[in-house]
Amino acid sequence: MESKITAIRPKAKRRRGPIKEPKLEIKLPDGINRHGMDFPLFLAVIILCAFGVVMLFSASYYYAQSFQGDGYFYVKKQLMFLAVGIPVMFGVSFIDYTIYAKAARASYAVLLGLLVVVLFIGKSAQGAQRWIGIGPIQFQPSEFAKFVLVICMSKYMTERKNRMPTILGGLLPMFVLLLLPCALIYFQPNMSMIIILCIVAVIMLFIGGASIKQLAIPALAGAAGIAVLIGLAGYRSSRITAWLHPWEDVGGDSYQIIQSLYAFGNGGWFGQGLNASRQKLLFLPYRESDFILPIIGEELGFVVVALLLVVYAFVIYRGIRIALASRERFASLLAGGISSILAVQVLINVAVVTNSIPATGQTLPFVSAGGTSIVVFLAAMGILLNISRYIEIRK
């Protein structure tokens, strides 16, 4: 006789609390052996550094001789930092990029610690407290912020790829990640660095999977916030006025940008000749750092400036190519982020010296004087070169 008793199934236990997503293991791509690095990228960076030394000598000799008592003062420092930075770039190119994902949290904590320390014991210059001195060595912690932010965002967006299209799981954590260093950098103050961090963060979110609609609201809110911060400081408002009406205050806030425009105008197509600049004779301030491009334009002309920008574009192109060719998401995001940092900083420097945007202090990578900047950028190029060792070579 057939039984009509229905078997009682045990009820499934309900999970309490949020479901945790399994963390993805960031590892090197399978099936690809490590091969040679991207030599064209390496060569282009070396060319930029060598060109920078020549132009730095020409731009800074008169000022260094007048105020430092040694015309080779800035060139010696640049060569010293290159002697550190180039071996660092070459050495980093052999370190597997996965180590940066493992060290992301620690590097972010160290960065915040350094940004706090610089507010209390940092060295001041030109009204800003941005440098930490250890004996004869000084470095600027905010220069690390750009690359640490890219590393942390790349790791988060790799482990939580499916959450990126959402606001709570994607945009909000990224906003917090960006807000903490920006808040500390604001008190240095260093508004230009905050702007670069915000632009790079938006680029990272876009290539990481966030839609344009999702980015529109935080982008507008960020722009409004930056506008408010600019309005709170009188000297920032005066820079806006000098940008919009440069010829109304020739000897005041507009002095530097007008001297920069004079330099470009004097250079014409082919320049006055190497070491023949007149604006570097104590007319143009910061000729060895933020405003070295006008001296290049005055001495070598528009043609060489255009060729220089072509070399930068080539380096950025190689970085994007590495990002697209990578089979591993973290490597692709990291390469794209590093390339975007270089692109944004070059564009901002060029825009400032041509009065396309209000004046702000950012160096021209690999060319301007600046120890922390050149060593950090060379190390970042080493990371790109390492990722290039694992991309799939296509004929």
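Side chains included, hydrogens not; waters and symmetry mates left out as well; all remaining heavy atoms used.
More than 12 heavy-atom neighbours from other residues, nucleotides or ligands sit within 6.0 angstrom of CZ on F51. Shown here is F314, whose CZ atom has more than 12 heavy atoms of other residues, nucleotides or ligands within 6.0 Å. Crowding of I99 atom CD1: a count of heavy atoms from other residues, nucleotides or ligands under 6.0 Å not exceeding 12.
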Could you walk me through whether F330 and Y100 satisfy the ring-ring contact (aromatic ring centres under 6.0 Å, His included) test, starting with their C-alpha distance in whole Å, then the side-chain angles of each, then the deciding distance to 0.1 Å, before giving a yes or no?
CA-CA 10 Å; F330 174 75; Y100 306 109; 7.9 Å; no
Working note: L177 + Y108, criterion side chain to side chain contact (heavy atoms under 4.5 Å, CB included); need CA distance, chi angles, decisive distance, verdict.
CA-CA 9 Å; L177 197 67; Y108 188 76; 3.7 Å; yes
Assess the residue pair V45 and M89 against the criterion (side chain to side chain contact (heavy atoms under 4.5 Å, CB included)); give the C-alpha distance rounded to whole Å, side-chain angles, the decisive distance to 0.1 Å, and a yes or no.
CA-CA 10 Å; V45 172; M89 175 178 65; 4.0 Å; yes
Run the side chain to side chain contact (heavy atoms under 4.5 Å, CB included) test on Q188 and S142 for me, step by step, so that the C-alpha distance in whole Å, both residues' side-chain angles and the decisive distance to 0.1 Å come before the verdict.
CA-CA 9 Å; Q188 294 184 2; S142 59; 4.0 Å; yes
Assess the residue pair L197 and L149 against the criterion (side chain to side chain contact (heavy atoms under 4.5 Å, CB included)); give the C-alpha distance rounded to whole Å, side-chain angles, the decisive distance to 0.1 Å, and a yes or no.
CA-CA 8 Å; L197 288 176; L149 179 67; 4.0 Å; yes
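With hydrogens and angles left out, the side-chain atoms of N386 and S388 include no donor and acceptor closer than 3.5 Å. Between S277 and E298, the side chains place a donor N or O and an acceptor N or O closer than 3.5 Å (distance only, hydrogens not considered). Looking at D96 and Y390, their side chains do bring a donor and an acceptor atom within 3.5 Å of each other. No side-chain donor-acceptor contact under 3.5 Å links E328 and S326.
With salt bridges taken as basic N to acidic carboxylate O contacts below 4.0 Å, one links K280 and E299.
Both the sub-6.0 Å distance and the 45° axial angle are satisfied by R389 relative to the ring of F94. For R287 and Y63, the positive end sits near the middle of the six-membered ring, less than 6.0 Å away and at most 45° from its axis.
The two residues L384 and S339 come nearest to each other via the heavy atoms CD1-OG, 4.2 Å. Of all non-hydrogen atoms in M157 and L205, the two that sit nearest each other are SD-CA, 4.3 Å. Taking both residues in full, the closest heavy atoms of Q78 and V367 are given as NE2-O, 3.8 Å, listed atom of the first, atom of the second, then distance.
Judged as a side-chain hydrogen bond (donor to acceptor under 3.5 Å, both in side chains), and not counting sequence neighbours, the contacts of T363 are Q345, S373.
The structure places CG of D38 at 11.5 Å from CD1 of I387, a figure rounded to the nearest 0.5 Å. Separating the CG atom in L334 from the CZ atom in F147 is a distance of 10.0 Å, to the nearest 0.5 Å. One distance of note links CG of L347 with CD1 of I196; it measures 10.5 Å at 0.5 Å rounding. Between I203 atom CD1 and C198 atom SG the span is 11.5 Å, to the nearest 0.5 Å. Interatomic distance, I320 CD1 to L342 CG, rounded to the nearest 0.5 Å: 10.0 Å. Atoms CG and CD1, from N190 and I185 in turn, are 6.5 Å apart once rounded to the nearest 0.5 Å.
In summary, the aromatic rings of Y74 and F57 are positioned with their centroids too far apart to meet the 6.0 Å limit.
One hydrophobic cluster, built from ILVMFWY side chains closer than 4.5 Å, holds both Y186 and V116. Taken together through direct or relayed side-chain contacts under 4.5 Å among Ile, Leu, Val, Met, Phe, Trp and Tyr, L184 and F120 form part of one hydrophobic cluster.
Counting only heavy atoms from C-beta outward, the side chains of K76 and D70 approach each other to under 4.5 Å. N355 places none of its side-chain heavy atoms less than 4.5 Å from the side chain of S260. M381 has its side chain within reach of I338: a pair of non-hydrogen atoms, C-beta onward, lies under 4.5 Å apart. Residues F73 and S60 fail the side-chain proximity criterion, which asks for heavy atoms closer than 4.5 Å.
Ring orientation note: the planes of F302 and W269 are nearly perpendicular, at an angle over 60° on the 30°/60° scale.
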